[in-house]
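See structure below.
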2 protein chains.
Amino acid sequence: MNGDKLRSVSEKTINRLSLYRRLLENRFGKGHEHVFSHELAELACVTPAQVRRDLMCVDNSGSTSRGYSVQELVREITAVLDAPGGQRIALVGVGNLGRAILSYFSGRRPGIAITAAFDSDPSLAGRVINGCRCHPMSELSEVLRGSEIGAAIVAVPASAAQDIADRLVAAGVRGILNFAPVPLKVPEGVFLEHRDMTMSLETVAFFARRSLGDAE
Amino acid sequence: MNGDKLRSVSEKTINRLSLYRRLLENRFGKGHEHVFSHELAELACVTPAQVRRDLMCVDNSGSTSRGYSVQELVREITAVLDAPGGQRIALVGVGNLGRAILSYFSGRRPGIAITAAFDSDPSLAGRVINGCRCHPMSELSEVLRGSEIGAAIVAVPASAAQDIADRLVAAGVRGILNFAPVPLKVPEGVFLEHRDMTMSLETVAFFARRSLGDAE
DNA sequence: GCCTGTGAAGCTATTCACAGCT
DNA sequence: AGCTGTGAATAGCTTCACAGGC
């Protein structure tokens, strides 16, 4: 389809495409059939030029004086973001955060499903939480090998995270979303996103304080 | 102290300083008194040049052929990041995610404390979770006004998020960490960080798939 | 007139590369 | 010899500004 364009799309653009799609779905639900780049920009809190630039990587239906067709745009962004048959994700670590993630994603996005969870607590084994089956940690490799899972969420304590990451990669996982408060080492070719809450919160605290100082 | 340098520090640098500090604390716990930039870089998964560049904004003790003194570096980063008397944070939304955040931050960082939580569920009012008192949502402005809280975490459903943000800003909050899956509008001068799990997960899924494709 | 798509400019962040120090 | 601190170069991202279309 639009193969080569996709090779070079940046992470930030993919992030925003994900956001645009949700905003558009929501907007379409409200009866709007078309959007202008400045309207979508307003919803997403970015500039209109940014929206148009981002949309260059979707196989865009083009546009008229009415702007973009919401429905077509959603379809085209989906063609870029989602795997044709949907994508399966594993969750490792079913503590407070892991459960929050399960409950949040349960059936929320059609293209993505968390289909297996793992925890070192044996009492969770066999339980089904928000439609997702929990397995003992020891079965990680085995369960992943028999599945179509290509990405995983790591929500375990810092001390366990690197070991888990190694095992995930060995089992064929090529994308990791890491919530553990420690940077992970993964081989070239494995995509890694580190979402460190401590970093986020300390950063917000810093700039909040600086803002106050600026005002005075 | 090092006032003007701080005006221009980027968000990314502050993020990494937060990370460096934790890695250093951990390292010092293991008996290392000194680090080289390439060692810290290895721990943080960045380049040595990046580390040195980031450290330019701390009032650095300088360095010798032994590298940086871990203890001093921690102290200097703390002088940049933390408010002198510690910083208080509010949490809005005590659902699954909110509880995960409370349990995670409970006593973890000395410079930061989540001192008030709010939820629209009246049955939570008055309860204390991980040392943090829950208030009914209606008391948000009142409680914040009588406090030193300058930043807040938003962990409510999308539909409530903008209203909460407006009330937080009106009550004097100058930094918001937003976990709701919707971009928030805040006035100039209020720092906003949007941590959207759907965006993160869809992005990881996309690049995991692309990685697989690259390999084939 | 007001939109989109996009080359070019402008900005920000990262890395290079080397002077200066021990 | 091997480190830090930093000007200069590079790479990456965003915005400008305008040609072309309805």
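Chain A is the first sequence line, chain B the second, and so forth, proteins listed ahead of strands; every chain is numbered from 1.
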Decide whether T198(A) and Y104(B) meet the rule of one side-chain donor and one side-chain acceptor closer than 3.5 Å.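 Per modelled atom types, T198(A) and Y104(B) side chains form a pair under 3.5 Å.
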
As an exercise, state the distance from CG of L43(A) to CG of N26(A), rounded to the nearest 0.5 Å.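 Between atom CG of L43(A) and atom CG of N26(A) there are 8.5 Å.
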
Can you give me every donor-acceptor pair (side chain of residues 155-163 of chain A, partner residue at least two apart or in another chain, under 3.5 Å) with its distance?
{"unit_1": "Q162(A)", "atom_1": "OE1", "unit_2": "K185(A)", "atom_2": "N", "d": "2.9"}
{"unit_1": "Q162(A)", "atom_1": "NE2", "unit_2": "D166(A)", "atom_2": "OD1", "d": "2.8"}
{"unit_1": "Q162(A)", "atom_1": "NE2", "unit_2": "K185(A)", "atom_2": "O", "d": "3.0"}

Would you kindly give the [atom1]-to-[atom2] distance between [X] and [N], to the nearest whole Å?
X	N	atom1	atom2	answer
E72(A)	dT4(C)	CD	C1'	15 Å
M56(A)	dA8(C)	CE	P	13 Å
R52(B)	dG7(D)	CZ	C1'	13 Å

Please list all pairs passing the salt bridge (charged side-chain N to carboxylate O under 4.0 Å, His left out) test where one or both residues lie in residues 101-115 of chain B, with sequence neighbours left out.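 Sorted pair list: E202(A)-R109(B), E25(B)-R109(B).
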
Using a cut-off of under 3.5 Å, enumerate the N/O to N/O pairs linking the protein to nucleotides 11-15 of chain D.
{"unit_1": "dT14(D)", "atom_1": "OP1", "unit_2": "R16(A)", "atom_2": "NH1", "d": "3.1"}
{"unit_1": "dT14(D)", "atom_1": "OP2", "unit_2": "R16(A)", "atom_2": "NH2", "d": "2.9"}
{"unit_1": "dT14(D)", "atom_1": "O5'", "unit_2": "Q50(A)", "atom_2": "OE1", "d": "3.4"}
{"unit_1": "dT15(D)", "atom_1": "OP2", "unit_2": "T47(A)", "atom_2": "OG1", "d": "2.8"}
{"unit_1": "dT15(D)", "atom_1": "O4", "unit_2": "R53(A)", "atom_2": "NE", "d": "3.2"}
{"unit_1": "dT15(D)", "atom_1": "O4", "unit_2": "R53(A)", "atom_2": "NH2", "d": "3.1"}

[X]: ring-ring contact (aromatic ring centres under 6.0 Å, His included) partners, not counting sequence neighbours:
X	value
H32(B)	none
F28(B)	none
F191(B)	F207(A)
F36(A)	H38(A)

Against D196(A), only a single residue in R195(B), R22(B), R16(B) fulfils salt bridge (charged side-chain N to carboxylate O under 4.0 Å, His left out); can you say which?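 So, applying the salt bridge (charged side-chain N to carboxylate O under 4.0 Å, His left out) to D196(A) and each of R195(B), R22(B), R16(B), only R22(B) qualifies.
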
So which pairs with a foot in residues 85-102 of chain A pass side chain to side chain donor-acceptor pair (under 3.5 Å), sequence neighbours left out?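 Found N96(A)-S103(B).
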
What residues in residues 31-42 of chain B put a non-hydrogen atom under 4.0 Å from any atom of DNA chain D?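 F36(B), S37(B), H38(B), in order of number.
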
Could you tell me which non-hydrogen atom of V169(B) sits nearest to which non-hydrogen atom of R174(B), and how far apart they are?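 Minimum heavy-atom contact is O-NH1, 3.6 Å.
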
Indicate the atoms forming the closest heavy-atom contact of V9(B) with C57(B), along with that distance.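 In this case the closest contact between V9(B) and C57(B) is CG2-CB, 3.8 Å.
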
Between protein and nucleic acid, restricted to nucleotides 19-22 of chain D and to nitrogen or oxygen atoms under 3.5 Å apart, what atom pairs and distances do you find?
none

Under 3.5 Å, which donor-acceptor pairs link side chains of residues 78-85 of chain A to any protein atom two or more places apart or in another chain?
{"unit_1": "T78(A)", "atom_1": "OG1", "unit_2": "R21(A)", "atom_2": "NH1", "d": "3.0"}
{"unit_1": "T78(A)", "atom_1": "OG1", "unit_2": "V74(A)", "atom_2": "O", "d": "2.9"}
{"unit_1": "D82(A)", "atom_1": "OD1", "unit_2": "R21(A)", "atom_2": "NH1", "d": "3.3"}
{"unit_1": "D82(A)", "atom_1": "OD1", "unit_2": "R21(A)", "atom_2": "NH2", "d": "3.2"}
{"unit_1": "D82(A)", "atom_1": "OD2", "unit_2": "R21(A)", "atom_2": "NH1", "d": "3.1"}

Does any residue of residues 184-208 of chain B have a heavy atom under 4.0 Å from DNA chain C, and if so, which ones, in number order?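 Within this stretch, nothing sits under 4.0 Å of the strand.
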
